[in-house]
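Have a look at the structure below, then the notes.
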Amino acid sequence: MNIRTAVLRDVSAITQIYNEVLLTTNAIYRESEVDLEDRVKWFNQRIDSGYPVIVAEVNDEIVGYGAFNDFRFGEGYSGTVEHSLHVKSTFRGSGIGSAILHELIAIAKKQQRKIMVAGIDSENTRSIEFHKRFEFIETARMPGVAIKHDKRLTLVLMQKDL
């Protein structure tokens, strides 16, 4: 496995993974698939703002990606970032997510960030436990703040001091 900085040509694979997660889980609070143009814009916004987008490759196939960006608007939050990380379904549980999160944390520390936040659907206990292994602690539960497929969802916020 190789973890590296993403480049523009990787965005197609990132889009495929994003849509797979969007369609098969509640990890992303959207219902409609995104197109390549949407993800290129997402990618460019992060890169232009100095935030990382990284990918995990296995045998030249992109099998996961991670990124972080602003937690909230305003300079008062400049030390806090929120990350996202998604792994292709056939590679989950193989250490890909751990490698990606380890690298995101290292990058955030190099950027002198102070806190990393994770927003996780409350039913995704696997992700909650995963983040606990990285010393994220639950700091909030926000019942019913999102709706997907006519179901109200609860957002769990977890954070890690860097």
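The figures that follow rest on heavy atoms only: side chains count, while hydrogens, waters and symmetry mates do not.
- Taking Ile, Leu, Val, Met, Phe, Trp and Tyr as hydrophobic and joining them when side-chain heavy atoms fall under 4.5 Å apart, one finds Leu36 in a cluster with Leu8, Val11, Ile14, Ile17, Tyr18, Val21, Leu22, Leu23, Ile28, Val34, Val40, Trp42, Phe43, Ile47, Val53, Val55, Ile62, Tyr65.
- Inter-residue side-chain proximity for Thr80 and Arg72 is flagged as unmet; no heavy-atom pair is nearer than 4.5 Å.
- Within the 4.5 Å cutoff, no side-chain heavy atoms of Val7 are placed close to those of Thr5.
- Checking side-chain atoms of Lys148 against main-chain N and O of Thr25 turns up a donor-acceptor pair under 3.5 Å.
- Residues meeting the side-chain hydrogen bond (donor to acceptor under 3.5 Å, both in side chains) test with Glu138, sequence neighbours left out: Arg141.
- Sorted by first then second residue, the salt bridge (Lys or Arg N to Asp or Glu O under 4.0 Å) pairs that include residues 42-67, not counting sequence neighbours, are Arg4-Glu57, Glu61-Lys88.
- Atom CZ of Arg126 has 12 or fewer neighbouring heavy atoms from other residues, nucleotides or ligands inside a 6.0 Å radius.
- Residue-environment remark: CG (Asp35) exceeds the threshold of 12 foreign heavy atoms within 6.0 Å.
- In terms of modelled atom types and a separation under 3.5 Å, the side chain of Asn44 and the main chain of Lys41 share no donor-acceptor contact.
- Residues that satisfy the ring pair (Phe, Tyr, Trp, His ring centres under 6.0 Å) test with Phe134, not counting sequence neighbours, are Phe130.
- Judged as a salt bridge (charged side-chain N to carboxylate O under 4.0 Å, His left out), and not counting sequence neighbours, Glu75 has no contacts.
- A pairwise comparison of heavy atoms in Arg152 and Pro143 identifies NH2-O, 4.3 Å as the closest pair.
- Shortest non-hydrogen contact noted between Leu104 and Met116 is O-CE, 3.7 Å.
- With hydrogens and angles ignored, the 3.5 Å screen pairs no side-chain donor or acceptor of Glu135 with any backbone N or O of Lys160.
- To the nearest 0.5 angstrom, Gln159 atom CD is 11.5 Å from Glu82 atom CD.
- Listed by chain and number, the residues in a side-chain hydrogen bond (donor to acceptor under 3.5 Å, both in side chains) with Arg39 amount to none (sequence neighbours excluded).
- Applying the salt bridge (charged side-chain N to carboxylate O under 4.0 Å, His left out) rule to Lys151 yields the partners Glu123; only residues at least two apart in sequence or on another chain are considered.
- With sequence neighbours left out, Asp121 forms a salt bridge (charged side-chain N to carboxylate O under 4.0 Å, His left out) with no residue at all.
- The side-chain hydrogen bond (donor to acceptor under 3.5 Å, both in side chains) test applied to Asn69 returns no partner, not counting sequence neighbours.
- The shortest side-chain heavy-atom distance between Thr15 and Asn19 falls under the 4.5 Å cut-off.
- Heavy atoms only, all atoms of each residue included: Ile100 and Gly64 are closest at CD1-C, 3.7 Å.
- Taking both residues in full, the closest heavy atoms of Ala108 and Leu162 are given as CB-CD1, 3.6 Å, listed atom of the first, atom of the second, then distance.
- Distance check, rounded to the nearest 0.5 Å: OG1 of Thr90 to CD1 of Ile96 gives 9.5 Å.
- Phe136 is not listed as a side-chain neighbour of Ile120, based on a closest heavy-atom distance of 4.5 Å or more.
- Listed by first then second residue, pairs satisfying side chain to side chain donor-acceptor pair (under 3.5 Å) with a partner in residues 97-113 read Gln111-Arg113, not counting sequence neighbours.
- Grouping Ile, Leu, Val, Met, Phe, Trp and Tyr residues whose side-chain heavy atoms lie under 4.5 Å apart, directly or via other members, places Leu153 in a hydrophobic cluster with Tyr29, Phe71, Tyr77, Ile115, Val117, Met142, Val145, Leu155, Leu157.
- Considering only heavy atoms from C-beta on, Asp70 comes within 4.5 Å of Tyr51 through its side chain.
- Here the shortest heavy-atom pairing between Gly95 and Met1 reads O-CE, 4.1 Å.
- Using a distance-only test at 3.5 Å, with no hydrogens or angles considered, no donor-acceptor pair links the side chain of Lys114 to the main chain of Asp161.
- Under the rule for a salt bridge (charged side-chain N to carboxylate O under 4.0 Å, His left out), the partners of Lys132 that lie at least two apart in sequence or sit in another chain are Glu129.
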